[in-house]
Amino acid sequence: MPAAPPLYNNMAYMRAKERMYKWVFTILAFASLFFLVGIVIVLFKEGTPIFKEVGFLKFIFGRKWYPTHDPADFGILPLILGSLWVTVGASLVCIPLGVGSALYLHEIAGFKQRQFLKPVIELLASIPSVVYGFFGLVVLTPFLQKAFNLPTGMTALNASLILGFMATPTVCSIAEDALSYVPRSFREASFAVGANRWQTLTQVVIPAAGSGISTGIILGLSRAIGETMTVLMVAGGAAVIPGSFLEPVRPMTSAIAAEMGEAPMGGSHYHALFAIALILFIITFVFNIIAEIISRRFRVKLGLSG
Amino acid sequence: MKRLGMLALIGILGLGLAIPCYAEKVVLAGSTTVLPIAQKTAVVFMDENPKADISVRGGGSSVGIAALIDGTCDIADASRPIKDTEIQKAAANGRDPVAHIVAMDGIAVVVNRSNSIFKLSKKQARDIFTGKVSDWSQLGGSPGKIVVVSRDTSSGTFEAFGELVMKGEKVMPGALMQASNQAVAQIIAQTPQAIGYVGLGFMSGELKPVEIDGVMPSRETVLSGEYPVTRPLFMYSNGKPQGITKEYLDFVKSKKGQELVETQGYVGLK
């Protein structure tokens with residue numbers, strides 16, 4: 001094979017190469033947008049037929065979920081409430097744990113402790129959710145059953161605890177970043193007017209980083225509400241409107257995961273599951289928009305950028 | 001370099017064309033209950049017939065039958081008989097599903113080993129699963145809330161149980177709906193007050209089966225038809241089976257095939 005002529009000094013070649021790279025990366029960047037649009041289109045196309053069949057309000061506020069019974073009931077209120085309950089429960093776990101550990105890492109921990117703790121907390125995020133679920137099923141379920149003297153340990157509480165642990169690393173690392181963005185001058189000014197460390201933390205640093213911390217919390221919660229495997233394994237899967245945290249629930253994600261495999265394609269059940277996915281998508285989408293708005297406000301407040 | 005790549009490409013294409021000449025492909029899809037039978041018999045059948053190339057997928061009874069109707073599989077595994085609506089769809093597509101009973105399966109109603117209840121009538125079982133009876137003391141057991149465990153609404157086991165025991169009534173909404181036989185078994189083994197149902201193939205020492213209408217679920221009572229919660233397991237072919245599909249189905253129904261069925265925990269027909 002003849003050797004390629006030495007083109008490297010050729011300006012035209014260089015420019016062509018540059019243009020090619022530009023195109024490659026542009027396409028890569030737009031690929032995710034392309035996928036997002038594709039997913040939204042499919043969700044709407046496959047989900048909306050059920051609204052026509054059952055009626056939108058009846059679908060959202062219906063209290064009975066009997067998708068395969070004849071005649072079928074497609075009411076997803078128990079599933080929506082199931083998702084909300086475990087998410088609220090998870091927030092009670094991940095907010096104190098995540099924000100608390102971020103404050104410790106940033107304010108109290110020495111260099112060595114931070115070098116050790118931060119990777120450990122981030123490692124929590126890399127454990128597959130099925131492992132969390134298995135832990136919940138084998139360890140937490142019998143424990144809760146005995147501790148609260150319940151008929152079954154597969155409850156909203158169980159799912160909340162596990163989801164809370166899973167969301168903690170997200171909350172912690174974003175909150176820590178937010179704390180480190182607080183300009184040093186803020187702190188120094190506070191010390192200069194005679195505030196002690198506690199006063200500086202609670203009245204200057206936390207308010208300044210507040211919106212960043214809230215962003216972390218919201219992103220952590222949107223992970224919790226979308227989590228599937230864990231809740232499928234530990235939440236119990238009963239499609240009832242939960243009366244307390246000690247009762248089993250059936251979050252939206254686990255209903256989709258458990259039923260999609262056997263729902264005949266193109267049938268009402270199939271469309272109903274897509275409609276649940278659509279509603280779930282809208283909820284997480286709203287979460288993410290709120291997070292974005294808050295974090296933008298935070299940047300403006302600190303004068304970092306527009 | 002270019003020539004080498006061309007050669008490789010021709011080679012790959014050639015292989016791709018050559019394989020179908022030597023192997024006849026049969027695709028099975030459907031019920032997860034029938035899956036162990038399909039897998040085991042397919043492996044042994046392929047050992048004996050190197051020409052056959054059988055691939056087995058799960059997905060559930062409805063998915064399997066839908067695939068048969070669409071022509072994306074050759075045999076549909078099903079743990080329930082085909083529905084009228086499905087027969088109509090098949091006819092509209094020019095397909096003609098033919099049933100082959102390949103095994104019998106009993107659905108055992110199971111409780112935790114610590115439970116003192118050892119027998120229930122079909123009606124009592126129904127009342128438990130609909131939620132009419134909610135405490136073990138109402139059935140003569142030690143007091144405690146009954147934890148009802150059921151399979152997910154789309155499983156073939158759920159449908160068979162619904163037809164044989166529930167008689168079309170709804171399982172209570174508070175029941176723990178589980179995605180697999182193993183998950184049901186796990187909860188029953190862990191939870192003293194639980195009751196659920198699993199295919200006979202999933203019985204183990206950690207579960208306690210309950211007599212239904214005075215009959216204990218077992219190989220013998222299922223085969224004789226005495227045990228009331230019994231169902232046939234099907235494989236559906238399109239029209240009269242031919243070629244390798246016929247050979248495979250004959251193998252499953254043969255004495256050897258039925259022995260394999262028994263090794264998987266189901267009840268053979270012979």
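So that the names make sense, note that chain A is the first sequence line, chain B the second, and so on, each numbered from 1.
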> If you look at every heavy atom in A:Ala238 and B:Gly174, which pair is closest and at what distance?
Replying inline: CB-O, 3.4 Å

>> Can you pull out every salt bridge (Lys or Arg N to Asp or Glu O under 4.0 Å) where at least one residue sits in residues 128-144 of chain B? Sequence neighbours excluded, please.
In response: B:Asp127-B:Lys132, B:Lys132-B:Glu169

>> Could you check whether atom NZ of B:Lys170 has more than 12 heavy atoms from other residues, nucleotides or ligands sitting under 6.0 Å from it?
In response: yes

> By a 4.5 Å heavy-atom criterion (distance strictly below it), what part of B:Ile187 contacts chain A: side chain, backbone, both, or neither?
Replying inline: side chain

> Counting only heavy atoms not in B:Lys89, do more than 12 fall under 6.0 Å of its NZ?
Replying inline: no

>> Using a 4.5 Å heavy-atom cutoff, which residues in residues 275-283 of chain A come close to chain B?
In response: none

> So what's closer than 4.5 Å to chain B heavy atoms on A:Ser254: side chain, backbone, both or neither?
Replying inline: neither

> With a cut-off of 6.0 Å (strictly less than), are more than 12 heavy atoms of other residues, nucleotides or ligands near CD of B:Glu206?
Replying inline: no

>> Less than 4.5 Å to any heavy atom of chain B: does that hold for the side chain of A:Leu137, its backbone, both, or neither?
In response: both

> For the side chain of B:Gln178 and the backbone of A:Leu232, is there at least one donor-acceptor N/O pair under 3.5 Å apart?
Replying inline: no

> Tell me, side chain or backbone of B:Ala66 under 4.5 Å from chain A's heavy atoms, or both, or neither?
Replying inline: neither

> Which residues in residues 143-154 of chain A have a heavy atom less than 4.5 Å from any heavy atom of chain B?
Replying inline: A:Gln145, A:Pro151, A:Thr152, A:Met154

> Where is the tightest heavy-atom contact between A:Pro142 and B:Gln190, given as atom of each residue plus distance?
Replying inline: CG-NE2, 4.1 Å

> Looking at B:Gly168, B:Gly144, B:Ala194, which makes the most heavy-atom pairs under 4.5 Å with chain A?
Replying inline: B:Gly168

>> At under 4.5 Å between heavy atoms, what parts of residues 47-65 of chain A are in contact with chain B? List them by residue number.
In response: none

>> So which atom in A:Tyr66 and which in B:Met172 form the shortest heavy-atom distance, rounded to 0.1 Å?
In response: OH-C, 3.7 Å

>> Is B:Glu86 in contact with chain A via its backbone, its side chain, both, or neither, using a 4.5 Å heavy-atom distance?
In response: neither

